[in-house]
Amino acid sequence: APAVQAQLLVADGQYAEAVTAARTLNDLGHRWGTVRLLAGRDQRAMATALLGRDPGPGARPGAAFGTAQVLLMLAEDLASERAAVMPVVLTRAALLLQPDDVRARVMLADALSANGSGRTALAVLAEGRDYGPYADAARNAQLRASAATGDPGAALATARAETEARGADTDTIARYGDLLVGADQYDDAIAVYRRAYGASGPSDAAGFLRLGTALDQAGRWDEAKPLLARALTLAPNDPNVLNAVGYARIERREDLPGSL
C-alpha cells in the first residue's frame with residue numbers, strides 16, 4: 001500500500017522520498033503515519049510541510065508502531081464493511097500500542113459509537129488531549145457518540161445550532177449532514193450537503209462520497225451514480241469509497257465484475 005511504502009521510506013532514512021510518496025495520498029489518515037514518523041525522526045519541518053501545520057507528538061518506527069498501523073488499516077476496512085465488534089477490538093489494541101495517536105483515539109470512538117456504546121466513546125474522547133489536525137474529526141466523533149447514547153435529537157440540535165452560527169464553515173455544515181444521514185433523514189441531509197458545498201458542488205472525494213451516498217439512500221440512484229463515480233476517480237484506493245460504490249453497484253447488479 002502507498003501509505004506503508006511512505007512509512008518504510010522514513011524508517012530507512014529516505015525522508016524526501018517519503019514525503020514525495022505521501023503527497024500522492026489524498027486522505028489525512030493515510031498520510032498521518034508518515035507525518036508522525038517524520039516528526040519522531042526530528043524531521044519536523046518536513047512533517048509540517050506535508051501536513052500543513054505542526055504535527056504534534058511524533059512516533060518512532062518499531063514493532064509497536066508497525067503493528068498499530070496494521071490494526072488501524074484492518075479496522076478501517078472492517079468499519080467500511082459495516083462490521084460491529086472487530087473494529088472496536090482492533091482500534092483499542094492500536095491505541096494501547098500508540099496512546100498518543102489521536103487518529104487511533106478517534107477511530108476507536110467511532111467504532112464504539114457504531115457498536116452502540118456512545119457513552120464509552122465520549123469517555124475515550126475525553127481522555128484525549130490536543131487533537132491537532134484531528135480536532136474536526138474528534139468533534140464529529142463526539143457528535144456521533146452523543147447520537148449513540150440514546151438521545152440523537154440532542155446531537156442533531158447541537159450540530160444544527162453550529163451550522164446556523166455566523167461563519168460556519170463547510171466541515172461544520174457537512175458534519176450536520178452526516179448526523180442526518182445517521183438518523184435516516186436523507187432528504188434533509190442532501191439539502192444540508194448542497195448548502196455546505198455550494199453551487200459548484202464538492203471538490204474532493206469525501207464530499208462526492210457524502211452527497212452521493214445520501215442520494216443513493218434516498219432512492220435517487222440516477223443522481224448518486226455520477227457523484228460516486230467521481231469519488232472513485234479521485235480516491236481509487238480509499239476503502240470507504242470502494243465499499244460504498246461496490247455495494248451500491250452490486251445492489252443494482254451493475255458492473256458486477258468490477259464491484260467484487
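Below, each value reflects all heavy atoms present in this structure, side chains not excepted, and no hydrogens, waters or symmetry copies.
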When you compare the side chain of [Y] with that of [X], does any pair of heavy atoms fall below 4.5 Å?
X	Y	result
Leu228	Arg249	no
Leu9	Tyr15	no
Leu72	Thr91	yes
Leu38	Leu50	yes
Leu28	Leu51	yes
Gln43	Val19	no
Glu76	Asn240	yes
Gln98	Phe65	yes

In Å and rounded to the nearest 0.5 Å, what is the [atom1] to [atom2] distance from [X] to [Y]?
X	Y	atom1	atom2	value
Thr158	Arg160	OG1	CZ	12.0 Å
Glu162	Asp169	CD	CG	10.0 Å
Leu122	Leu112	CG	CG	10.0 Å
Arg92	Met107	CZ	CE	14.0 Å
Glu17	Gln5	CD	CD	10.5 Å
Glu223	Asp216	CD	CG	11.5 Å

Closest non-hydrogen atom pair, [X] against [Y]:
X	Y	answer
Pro55	Ala47	CG-CB, 3.9 Å
Tyr193	Ala214	CE1-CB, 3.9 Å
Ala121	Ala109	CB-O, 3.3 Å
Leu242	Pro236	CD2-O, 3.3 Å
Ala248	Trp221	CB-CZ3, 3.6 Å
Ala21	Ala6	CB-CB, 4.0 Å

Taking [X] for the side chain and [Y] for the main chain, is one N or O donor matched with an acceptor at less than 3.5 Å?
X	Y	result
Arg220	Leu215	no
Arg144	Ser113	no
Arg31	Leu25	yes

Quiz item: What residues form a side-chain contact (heavy atoms from CB on, under 4.5 Å) with Ala154, not counting sequence neighbours?
Solution: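 Listed in chain order: Asp151.
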Please check if [X] and [Y] belong to a single hydrophobic cluster, counting links between Ile, Leu, Val, Met, Phe, Trp and Tyr side chain heavy atoms closer than 4.5 Å.
X	Y	result
Leu234	Leu232	no
Val192	Ile190	no
Leu108	Val106	no
Leu179	Leu211	no
Leu95	Val70	no

Quiz item: Going through the distances and angles, do Leu97 and Leu71 end up as a side-chain contact (heavy atoms from CB on, under 4.5 Å)?
Solution: CA-CA 10 Å; Leu97 289 168; Leu71 292 173; 4.0 Å; yes
Exercise. Verify side-chain contact (heavy atoms from CB on, under 4.5 Å) between Val181 and Arg210, making sure each step is shown before the conclusion.
Key: CA-CA 9 Å; Val181 168; Arg210 276 168 155 159; over 6 Å; no
Quiz item: Is it the case that more than 12 heavy atoms not belonging to Arg139 sit under 6.0 Å from its CZ atom?
Solution: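 For Arg139, atom CZ is crowded (more than 12 foreign heavy atoms under 6.0 Å).
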Quiz item: Could you give all pairs that pass the ring-ring contact (aromatic ring centres under 6.0 Å, His included) test and reach residues 111-166, with sequence neighbours left out?
Solution: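 Pairs touching residues 111-166 that pass the test: Trp32-Tyr134.
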Exercise. Return yes if a side-chain donor-acceptor contact under 3.5 Å exists between Asp188 and Tyr186, otherwise no.
Key: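 Absent: no donor and acceptor within the cut-off.
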Exercise. Apply the test side-chain contact (heavy atoms from CB on, under 4.5 Å) to residues Asp101 and Gln69: give CA-CA distance (whole Å), side-chain angles for both, the deciding distance (0.1 Å), then the verdict.
Key: CA-CA 10 Å; Asp101 188 347; Gln69 295 304 296; 4.1 Å; yes
Self-check item: Within residues 229-239 or reaching into it, pairs that qualify as side-chain hydrogen bond (donor to acceptor under 3.5 Å, both in side chains) - sequence neighbours excluded
Solution: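 For residues 229-239, and leaving out neighbouring residues, there are no side-chain hydrogen bond (donor to acceptor under 3.5 Å, both in side chains) pairs at all.
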Quiz prompt | Electrostatic pair Asp54-Arg44, nearest N-O below 4.0 angstrom | solution =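 The answer is yes: the pair qualifies as a salt bridge.
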